[in-house]
Student: 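Attaching a single structure in structure tokens format; questions to follow.
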Amino acid sequence: IEAEVQRRKQLIHQSVERKAIISKCYKRKHPEVYILQDSFLAPDFLEIVRYCTSLDAHLHGLLRYIESFSDKRIYRLPVFTEEFCQAFMDELENFEQSDMPKGRPNTMNNYGVLLNELGMDETFITPLREKYLQPITALLYPDLGGACLDSHKAFVVKYSLHEDLDLSSHYDNAEVTLNVSLGKDFTEGNLYFGDFSQDPTPMPKYIEIEHVGAQGLLHRGGQIHGALPIASGERWNLIIWMRSSAIRNQLCPMCNKKPELVEAEGFGDGFTETLQDDAPETVNLCSLW
């Protein structure tokens with residue numbers, strides 16, 4: 001366990017170093033995409049947020065605005081405009097083609113970008129989570145801390161014929177996940193969803209869901225899921241793992257035990273620890289996982 005703790009702490013230090021280099025040396029192609037603006041968001045998404053922030057908002061009213069799938073609490077909704085998705089992917093490709101140091105999203109995705117290293121956390125992802133997504137998740141996932149998602153991990157993953165083709169079954173280190181299909185042109189590669197990780201069944205029933213450009217899927221982080229192989233083209237997806245310290249401080253979602261915490265920089269894995277002066281501090285990880 002100690003070796004794993006040290007390995008993961010080192011990953012965080014390396015990420016901080018990469019972020020500093022990128023901030024100093026990388027020339028942005030589309031600097032405007034780094035600061036969230038209402039104009040980036042689909043009008044129907046803004047209408048959903050307006051409803052969710054109204055005094056009489058309730059779950060059944062919200063479900064009139066979004067598409068739901070089976071009983072797995074998976075929902076599809078518009079998120080961005082097509083124009084923003086194009087500019088965002090162009091910026092990501094510009095970064096990929098640069099000589100900047102690059103961390104990869106996780107051990108399962110070999111191609112993609114960590115958005116905190118690119119400098120998008122404070123000015124884009126955090127306001128997206130706090131101002132726009134949290135009113136929605138508060139109604140959809142109250143039992144998972146949907147009203148108090150206080151940290152995240154955001155990254156973009158890329159699939160193409162000569163790189164990553166698919167993604168095997170897994171569940172996320174998150175209470176709630178948003179998965180937005182940015183583009184480009186591709187065929188196949190549907191997402192599939194099985195059981196909730198904490199409530200497995202002997203014969204799980206899987207459902208397949210297509211990607212729709214500029215639209216996102218909201219699902220529970222613990223929902224077992226994966227991505228089927230693409231048959232042609234190239235696909236980029238924005239993934240935001242949203243975390244609630246109020247929930248995960250009680251039980252680590254990865255090891256299902258009371259977390260033993262190790263201090264770390266930034267959001268870490270979304271756990272918090274109240275210090276003697278009662279100021280919450282984010283710590284890295286459950287050392288049992």
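Keep in mind the model is a prediction, meaning the values are calculated, not measured. Computed over heavy atoms, backbone and side chain alike; hydrogens, waters and symmetry mates excluded.
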Student: Under the ring pair (Phe, Tyr, Trp, His ring centres under 6.0 Å) rule, collect the residues that match up with F193, sequence neighbours excluded.
Tutor: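 Expected list: H219, H225.
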
Student: Could you walk me through whether I136 and L77 pass side chain to side chain contact (heavy atoms under 4.5 Å, CB included), step by step?
Tutor: CA-CA 11 Å; I136 300 171; L77 69 168; 3.9 Å; yes

Student: Could you tell me whether K184 and E93 make a salt bridge, using a distance below 4.0 angstrom between a side-chain N and a carboxylate O?
Tutor: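 Yes, this pair counts.
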
Student: Are the side chain of R76 and the backbone N or O of Q215 linked by a donor-acceptor pair below 3.5 Å?
Tutor: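 No, because the side chain of R76 does not come within donor-acceptor range (under 3.5 Å) of the backbone of Q215.
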
Student: Going from CG on L128 to CG on L41, what distance comes out if it is rounded to the nearest 0.5 angstrom?
Tutor: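 These two atoms lie 6.5 Å from each other.
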
Student: Treat each ILVMFWY residue as a node, draw an edge where side-chain heavy atoms are under 4.5 Å apart, and state whether V113 and I35 are in one component.
Tutor: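 No, it is not one cluster - the side chains of V113 and I35 are not joined through contacts under 4.5 Å.
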
Student: Determine, using the 4.5 Å side-chain heavy-atom cutoff (strictly less than), whether L62 and V176 are members of one ILVMFWY cluster.
Tutor: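 Same hydrophobic cluster.
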
Student: Assess whether side chain to side chain contact (heavy atoms under 4.5 Å, CB included) is satisfied between Y132 and D38, documenting all intermediate values.
Tutor: CA-CA 10 Å; Y132 298 92; D38 275 8; 2.2 Å; yes

Student: Side-chain contact, heavy-atom cut-off 4.5 Å: Y75 with L63?
Tutor: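 Yes. Closest side-chain heavy atoms under 4.5 Å.
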
Student: For the residue pair F84 and F80, does the interplanar ring angle fall in the parallel (under 30°), tilted (30 to 60°) or perpendicular (over 60°) class?
Tutor: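 Ring orientation of F84 relative to F80: tilted.
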
Student: Does a side-chain heavy-atom distance below 4.5 Å link R243 with H152?
Tutor: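 R243 vs H152: side chains apart.
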
Student: State, to 0.1 Å, how close T177 and G221 come at their nearest heavy-atom pair, and which atoms those are.
Tutor: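 Looking at all heavy atoms of both residues, the closest pair is OG1-CA, 3.9 Å.
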
Student: Could E175 and R220 be called an ion pair, given the rule that one side-chain N must be under 4.0 Å from one carboxylate O?
Tutor: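 Not counted as a salt bridge, because no side-chain N and carboxylate O are separated by less than 4.0 Å.
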
Student: Do the side chain of H211 and the main chain of G189 share a donor and acceptor less than 3.5 angstrom apart?
Tutor: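 Such a contact is found between H211 side chain and G189 backbone.
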
Student: If you measure from CG on L59 to CZ on R64, what distance do you get to the nearest 0.5 Å?
Tutor: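 Result: 10.5 Å between the selected atoms.
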
Student: With a 4.0 Å cut-off on N to O distance, would you call D90 and K29 a salt bridge?
Tutor: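 Salt bridge flag = yes for K29 with D90.
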
Student: Quick one: pull up NZ in K158 and CG in L182 and give me the separation to the nearest 0.5 Å.
Tutor: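 Going from the NZ atom of K158 to the CG atom of L182 covers 13.0 Å.
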
Student: Does the side chain of Y26 reach to within under 4.5 Å of the side chain of S98, using non-hydrogen atoms?
Tutor: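 Y26 vs S98: side chains touch.
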
Student: With side chains defined as the heavy atoms from C-beta onward, is the minimum distance between R18 and L114 less than 4.5 Å?
Tutor: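 When only atoms from C-beta onward are counted, L114 and R18 do touch, with a gap below 4.5 Å.
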
Student: I need the E91 CD to H30 NE2 distance, nearest 0.5 Å.
Tutor: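 E91 CD to H30 NE2: 6.5 Å, rounded to 0.5 Å.
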
Student: Should E117 and K19 count as an ion pair when the cut-off is N to O under 4.0 Å?
Tutor: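 No, no charged N to carboxylate O under 4.0 Å.
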
Student: Check for me, please, whether V33 and V156 land in the same ILVMFWY cluster - side-chain distances under 4.5 Å, paths through other members count.
Tutor: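 The answer is yes; both residues are in one hydrophobic cluster.
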
Student: If you look only at pairs with a residue in residues 137-147, which of them pass as a side chain to side chain donor-acceptor pair (under 3.5 Å), with sequence neighbours excluded?
Tutor: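 For residues 137-147: R73-D143.
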
Student: Could you go through the side chain to side chain donor-acceptor pair (under 3.5 Å) check for D56 and Y51 one step at a time?
Tutor: CA-CA 8 Å; D56 58 349; Y51 172 77; 5.7 Å; no

Student: Is there a side chain to side chain contact (heavy atoms under 4.5 Å, CB included) between Y192 and I209 once you walk through the steps?
Tutor: CA-CA 6 Å; Y192 62 88; I209 301 177; over 6 Å; no

Student: Checking S15 side chain against I12 main chain: does a donor-acceptor pair fall under 3.5 Å?
Tutor: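 Flag not set: sc S15 to bb I12 has no pair under 3.5 Å.
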
Student: What are the two closest non-hydrogen atoms of M242 and A174, and how far apart are they?
Tutor: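 Looking at all heavy atoms of both residues, the shortest contact is O-CB, 3.7 Å.
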
Student: Using a 6.0 Å cut-off, check whether atom CD of E210 has over 12 heavy atoms from anything other than its own residue.
Tutor: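 Check fails, neighbour count at 12 or below.
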
Student: How long is the span from the CG atom in L139 to the CD1 atom in I48, to the nearest 0.5 Å?
Tutor: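 The CD1 atom of I48 is 11.5 Å from CG of L139, to the nearest 0.5 Å.
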
Student: Determine whether I74 and I207 make a side-chain contact, defined as any pair of heavy atoms from C-beta on separated by less than 4.5 Å.
Tutor: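 I74 vs I207: side chains touch.
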
Student: List the atom of P78, the atom of D44, and the distance in Å for their closest heavy-atom pair.
Tutor: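 Scanning both residues completely, I find the closest heavy atoms to be CG-CB, 3.6 Å.
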
Student: Which value, rounded to the nearest 0.5 Å, describes the distance between Y171 atom OH and I224 atom CD1?
Tutor: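 Going from OH on Y171 over to CD1 on I224, the span is 7.5 Å.
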
Student: So do the side chains of L115 and F124 get within less than 4.5 Å of each other, counting heavy atoms only?
Tutor: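 Counting from C-beta outward, L115 and F124 never come under 4.5 Å.
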
Student: Is there a donor-acceptor contact under 3.5 Å from the side chain of E208 to the main chain of L191?
Tutor: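 No; zero donor-acceptor contacts below 3.5 Å.
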
Student: Could you tell me if the side chain of L133 sits less than 4.5 Å from the side chain of V49, heavy atoms only?
Tutor: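 A side-chain contact under 4.5 Å is absent here.
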
Student: Is the gap between the ring centers of F155 and W241 under 6.0 Å?
Tutor: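 Yes, the ring of F155 comes within the 6.0 Å limit of the ring of W241, centre to centre.
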
Student: Do L218 and I247 belong together in a cluster built from hydrophobic side chains that touch within less than 4.5 Å?
Tutor: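 L218 does not cluster with I247.
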
Student: What is the minimum heavy-atom distance between A57 and C52, and which atoms define it?
Tutor: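 That closest heavy-atom pairing would be CB-O, 3.7 Å.
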
Student: Please check if V180 and V212 belong to a single hydrophobic cluster, counting links between Ile, Leu, Val, Met, Phe, Trp and Tyr side chain heavy atoms closer than 4.5 Å.
Tutor: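 They do not share one cluster, since no chain of ILVMFWY contacts under 4.5 Å joins V180 to V212.
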
Student: When you check the gap from the basic side-chain N to the acidic O, do E17 and K24 get nearer than 4.0 Å?
Tutor: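 So E17 does not pair with K24 through a salt bridge.
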
Student: Is the NZ or CZ atom of K72 both under 6.0 Å from the centre of the six-membered ring of F196 and within 45° of that ring's axis?
Tutor: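 No, K72 does not sit over the ring of F196.
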
Student: Write down the atom of N237, the atom of S181, and the distance for their closest heavy-atom approach.
Tutor: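 So the minimum-distance heavy-atom pair works out to ND2-CA, 3.8 Å.
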
Student: What heavy-atom pair brings G194 and Q223 nearest, and what distance separates the two atoms?
Tutor: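 Closest pair (atom of G194, atom of Q223, distance): O-NE2, 2.7 Å.
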
Student: Any side-chain heavy atom of V79 within less than 4.5 Å of one from L238?
Tutor: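 A side-chain contact under 4.5 Å is absent here.
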
Student: Hydrogens and angles aside, do N94 and R28 bring a side-chain donor and acceptor to less than 3.5 Å of each other?
Tutor: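 The answer is no; no qualifying pair exists.
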
Student: Is the backbone of A147 close enough, under 3.5 Å, to the side chain of Q134 for a donor and an acceptor to pair up by distance?
Tutor: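 Confirmed, Q134 side chain pairs with A147 backbone.
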
